[in-house]
**Q** 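Before I ask anything, let me first share the structure, which is written out below as structure tokens.
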Amino acid sequence: MVLTLAALVAERPLGLRVRAAGAGLERAIGWVHPTELTDPQAFLEGGELLLTTGLALDETTSPGYIRRLVDAGVAGLGFGVGLSHESIPRSLVDTADEVGLPVLEVPRKTPFIAITRAVSRAVAADEYASLVRTGKGQQELTRTAVGKGGPGGVVRKLAKLVDGWVLLLDSSGAVTEASPSARPFADGLQDDFARLRAGTLVTVAGEYEVVLQTLDTRARGVLAVGTHEPLDAAGQHIVNTAVSLLSLALEQNREHVDAVRWLRSGLCDLLAAGQTELATRTMKSLWGGVPEAPWSVLAVAGPAAARRSLVDALDAEVAGDKVFFGESGAFVIALGDVETVARQASRIGGLHAGLSDPVSIVDFPAGLRQAKQAAEAAKAERSPLVRFAEHAGRGFLEMVDSQAAQAFSDSLLAPLRHHDETGRGELVASLTCWLEHHGHWDLASARLGVHRHTLRNRMRKVAELTGRDLDSPGVRAEFWLALQVSGG
């Protein structure tokens, strides 16, 4: 639960008093930013609780100051009294009431750092709660999917987890499964259903925001999720899990081999997403064990028909506890006894394999990237097998086509450039500087001439806009390469 201004005021030890726009106290606080600048807009991204002692403010300058804060989208203003001012300027309070910007009086005895710590604790608790909720939701959906509930059980469970309603529609738009009271919404979604070809579409049905998401099945299907409030990050992860599980469940009526094939792909995706506990537990349940770590990850590229022949051959030959294989995009992925897989690939012909360095279970995503890069190099060299270690010294840009590298760079950086073009920040320059200083907040913020909290906010914005985790070394490397291709 995000911290609101009302909740912060309720923390009595802080001694905060509401002096203006009390009706806006339900606003969420994204972060705290102390500054004495009379125009801090360039250093704000919206949602902050701004703290000031009003050093440069008086009855004349206060109204303009308040309006600039409103333009910047701040959540509220904390004004420290007893230093520059014995009381908050009257014109500031009046203007804040007029424009609806909450103003909190901070007593002399309350240091700004105490407010910052209170908000930091709340932000950390909210992030942890989101992580726990995501994990529990994924586990509950998975237990439902592999139990007797089937697709209908997953739909009903998902509705409870997101506190909304859920519909599962077939290729004609007809309802195949629905949570309680959800069916009446189906007719109103038909036009949106007709417009949706693939991916996700967000629309509105009455008082609900509705997310329509296509399922990854051969027969077109769509999951519709309606909620009173937009889905938060945890809700989005839970819906994505439901989409994956439903995609698998609906394919169970097709040939057994195809069902297993998609299951293996799902497990590859779980491993790639860092969901190692769930993935390995499923492997043990289905195949009696997990290949012994560390893993050398093998990625095999080639025509779809050849990859299908390889999967069929592996289905008939390998044991689940000795080697695991699945598909990830245009690759067949294997770990464990990869020599067997490589031999099968060489017999089929037209396939090119890449082998990663040995990695731990939790480092599978890094091993997967290495294997795919090496497989692309093998394909370019028309070699049956390339080891990543053999090409590590070449540099990534020599392993891919320049046009492909430019396309990757443009795609990854496009949301940041669009954000910067709106004048709301300098995300590309900030990201470049932060990476140049190896993620060192103080050095990078000093180089940029901004406060480290401002830099942290910008990096959080980068992660939000791109959907990438900047704590991952691999993600940082991808951003760095993209910046180099684009010329920074």
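The analysis underlying the following values was restricted to heavy atoms, covering all of them including side chains, and did not include hydrogens, waters or symmetry mates.
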**Q** Please check if the side chain of H352 supplies one atom and the backbone of A375 the other of a donor-acceptor pair under 3.5 Å.
**A** no
**Q** So, using side-chain hydrogen bond (donor to acceptor under 3.5 Å, both in side chains) as the criterion, who are the partners of R68 when residues are at least two apart?
**A** none
**Q** Once you measure the plane-to-plane angle for Y208 and F185, does it fall in the parallel (<30°), tilted (30-60°) or perpendicular (>60°) bin?
**A** perpendicular
**Q** Let me confirm one number: the CD-SG distance from E327 to C268, rounded to the nearest 0.5 Å.
**A** 8.5 Å
**Q** What are the two closest non-hydrogen atoms of L351 and G302, and how far apart are they?
**A** CD2-CA, 3.8 Å
**Q** Applying the side-chain hydrogen bond (donor to acceptor under 3.5 Å, both in side chains) test to T241, which of E140, Q275, Q138 qualifies?
**A** Q138
**Q** Taking T282 for its side chain and L278 for its backbone only, find out whether a donor-acceptor pair lies under 3.5 Å.
**A** yes
**Q** Is the backbone of K379 close enough, under 3.5 Å, to the side chain of S383 for a donor and an acceptor to pair up by distance?
**A** no
**Q** Any side-chain heavy atom of W295 sitting closer than 4.5 Å to one from F324?
**A** no
**Q** Would R460 and E464 satisfy salt bridge (Lys or Arg N to Asp or Glu O under 4.0 Å), going step by step from the backbone distance to the final call?
**A** CA-CA 6 Å; R460 275 195 290 271; E464 175 188 337; over 6 Å; no
**Q** Enter the distance from L158:CG to L223:CG here, rounded to the nearest 0.5 Å.
**A** 6.0 Å
**Q** Please check: side-chain N/O of S356 versus main-chain N/O of V297, any donor-acceptor pairing under 3.5 Å?
**A** yes
**Q** About how many Å separate CG of D363 and CD of Q370, when rounded to the nearest 0.5 Å?
**A** 9.5 Å
**Q** Evaluate the criterion side chain to side chain contact (heavy atoms under 4.5 Å, CB included) for residue pair V74 and L101; output intermediate values, then yes/no.
**A** CA-CA 8 Å; V74 301; L101 179 68; 3.7 Å; yes
**Q** Less than 6.0 angstrom from the centroid, inside 45 degrees of the normal: does R307 satisfy that with respect to the ring of F331?
**A** no
**Q** Within the 4.5 Å heavy-atom criterion, are F388 and L355 side-chain neighbours or not?
**A** no
**Q** Counting only heavy atoms not in Q190 (residues, nucleotides, ligands), do more than 12 fall under 6.0 Å from its CD?
**A** yes
**Q** Side chains of L25 and L104: closer than 4.5 Å at any heavy-atom pair?
**A** yes
**Q** Can you list every pair that meets ring pair (Phe, Tyr, Trp, His ring centres under 6.0 Å) and has a residue in residues 353-382, with sequence neighbours left out?
**A** none
**Q** Supply the atom-to-atom distance E36 CD to T52 OG1, rounded to the nearest 0.5 angstrom.
**A** 3.5 Å
**Q** Please examine the side chains of T466 and L416, heavy atoms only from C-beta on, and report whether any two atoms are closer than 4.5 Å.
**A** yes
**Q** Of the non-hydrogen atoms in Y65 and T38, which two are nearest, and what is the gap between them?
**A** CD1-O, 3.2 Å
**Q** Working note: L427 + L465, criterion side chain to side chain contact (heavy atoms under 4.5 Å, CB included); need CA distance, chi angles, decisive distance, verdict.
**A** CA-CA 10 Å; L427 298 187; L465 291 174; 3.6 Å; yes
**Q** Give a yes or no on whether Q139 atom CD has more than 12 heavy-atom contacts from other residues, nucleotides or ligands under 6.0 Å away.
**A** yes
**Q** Just by distance, with hydrogens left out, do T176 and D170 show a side-chain donor and acceptor under 3.5 Å apart?
**A** no
**Q** Any luck finding a side-chain donor-acceptor pair between R156 and S179 under 3.5 Å?
**A** no
**Q** Could you check if a side-chain atom of V239 sits within less than 4.5 angstrom of a side-chain atom of Q213, using non-hydrogen atoms only?
**A** yes
**Q** Step by step, would you call D192 with R195 a salt bridge (Lys or Arg N to Asp or Glu O under 4.0 Å)?
**A** CA-CA 5 Å; D192 295 306; R195 291 193 293 119; 2.6 Å; yes
**Q** Nearest 0.5 angstrom please: L431 CG to L470 CG, how far?
**A** 6.5 Å
**Q** Within the side chain of T4, is there an N or O that forms a donor-acceptor pair under 3.5 Å with the backbone of A7?
**A** yes
**Q** Quick check: does any side chain N or O of S411 sit under 3.5 Å from a backbone N or O of A407, one acting as donor and the other as acceptor?
**A** no
**Q** Does E376 come within less than 4.0 Å of K372, counting only side-chain N to carboxylate O?
**A** no
**Q** Should L196 and V222 count as side-chain neighbours, where that means a heavy-atom distance under 4.5 Å?
**A** yes
**Q** Where is the tightest heavy-atom contact between M283 and L271, given as atom of each residue plus distance?
**A** CE-CD1, 3.5 Å
**Q** To the nearest 0.5 Å, how far apart are CG in L455 and SG in C433?
**A** 7.5 Å
**Q** For T214 and A198, indicate whether the former's side chain and the latter's backbone hold a donor-acceptor pair under 3.5 Å.
**A** no
**Q** Could you check whether any side-chain heavy atom of T142 comes within less than 4.5 Å of a side-chain heavy atom of L245, counting everything from C-beta outward?
**A** yes
**Q** How close do G354 and L385 get, counting heavy atoms only, and between which atoms?
**A** N-CD1, 4.3 Å
**Q** Whether the side chain of H437 engages the backbone of G439 through a donor-acceptor N/O pair (distance < 3.5 Å, no angle test) should be reported.
**A** no
**Q** Give the minimum heavy-atom separation between V175 and A186, together with the two atoms involved.
**A** CG2-CB, 3.5 Å
**Q** At their closest point, which heavy atom of A353 faces which heavy atom of L298, and how far apart are they?
**A** CB-CD1, 3.9 Å
**Q** Without hydrogens or angle criteria, can the side chains of Q236 and N240 be said to hold a donor-acceptor pair below 3.5 Å?
**A** no
**Q** What's the verdict on salt bridge (Lys or Arg N to Asp or Glu O under 4.0 Å) for R387 and D357, showing C-alpha distance, side-chain angles and the deciding distance?
**A** CA-CA 8 Å; R387 298 177 184 274; D357 295 332; over 6 Å; no
**Q** Given L51 and T35, is the side chain to side chain contact (heavy atoms under 4.5 Å, CB included) satisfied, shown in steps?
**A** CA-CA 6 Å; L51 301 178; T35 179; over 6 Å; no
**Q** With side chain to side chain contact (heavy atoms under 4.5 Å, CB included) as the criterion, how do T200 and L212 come out once you've worked through the C-alpha distance, each side chain's angles and the decisive distance to 0.1 Å?
**A** CA-CA 6 Å; T200 303; L212 296 172; over 6 Å; no
**Q** Would you mind reporting whether S296 and P358 have side-chain heavy atoms less than 4.5 Å apart?
**A** yes
**Q** Under the side chain to side chain contact (heavy atoms under 4.5 Å, CB included) test against E48, which residue among V32, T454, N457 passes?
**A** N457
**Q** Both conditions, 6.0 Å and 45 degrees, for the charged tip of R456 above the ring of W31: are they met here?
**A** no
**Q** Could you give all pairs that pass the salt bridge (Lys or Arg N to Asp or Glu O under 4.0 Å) test and reach residues 469-484, with sequence neighbours left out?
**A** R468-E478
**Q** Is the backbone of D442 close enough, under 3.5 Å, to the side chain of R452 for a donor and an acceptor to pair up by distance?
**A** no
